[in-house]
Amino acid sequence: MIEEESLADVYLIRESKLYYKRLEIYAKNIYSQMTKRLYQPEYEVSPYDIPEEITELLHKQEN
């Protein structure tokens, strides 16, 4: 089976004061044309690694 990556989404998840990052990849089989969703395990992200414009958006959503 040969697959090609067709789309990837990155999610920033906040739980209390912790941030997690999750990656979802949609892979398509080139023969059957069926698409499946693959997940990368979530891992903690330091608040210092989050770009300032994203942090500002998060604070706007809280208010």
side-chain contact (heavy atoms from CB on, under 4.5 Å) for Glu15 and Tyr20? Distances and angles first, verdict last. CA-CA 8 Å; Glu15 291 181 6; Tyr20 296 93; 3.9 Å; yes
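For the atom pair OG1 (Thr55) and CG (Leu12), the distance works out to 8.5 Å, reported to the nearest 0.5 Å. To the nearest 0.5 Å, the span separating CE on Met34 from CG on Asn29 amounts to 8.5 Å. Atoms CD1 and CG, from Ile13 and Leu18 in turn, are 12.0 Å apart once rounded to the nearest 0.5 Å.
With contacts defined as side-chain heavy-atom distances shorter than 4.5 Å, the pair Glu24/Tyr26 qualifies.
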Output side-chain donor-acceptor pairs under 3.5 Å for residues 37-53, partner residues at least two apart or in another chain, one line each.
unit_1: Arg37; atom_1: NE; unit_2: Tyr39; atom_2: OH; d: 3.1
unit_1: Arg37; atom_1: NH2; unit_2: Tyr39; atom_2: OH; d: 3.3
unit_1: Tyr43; atom_1: OH; unit_2: Lys21; atom_2: NZ; d: 3.3
unit_1: Ser46; atom_1: OG; unit_2: Tyr48; atom_2: N; d: 3.2

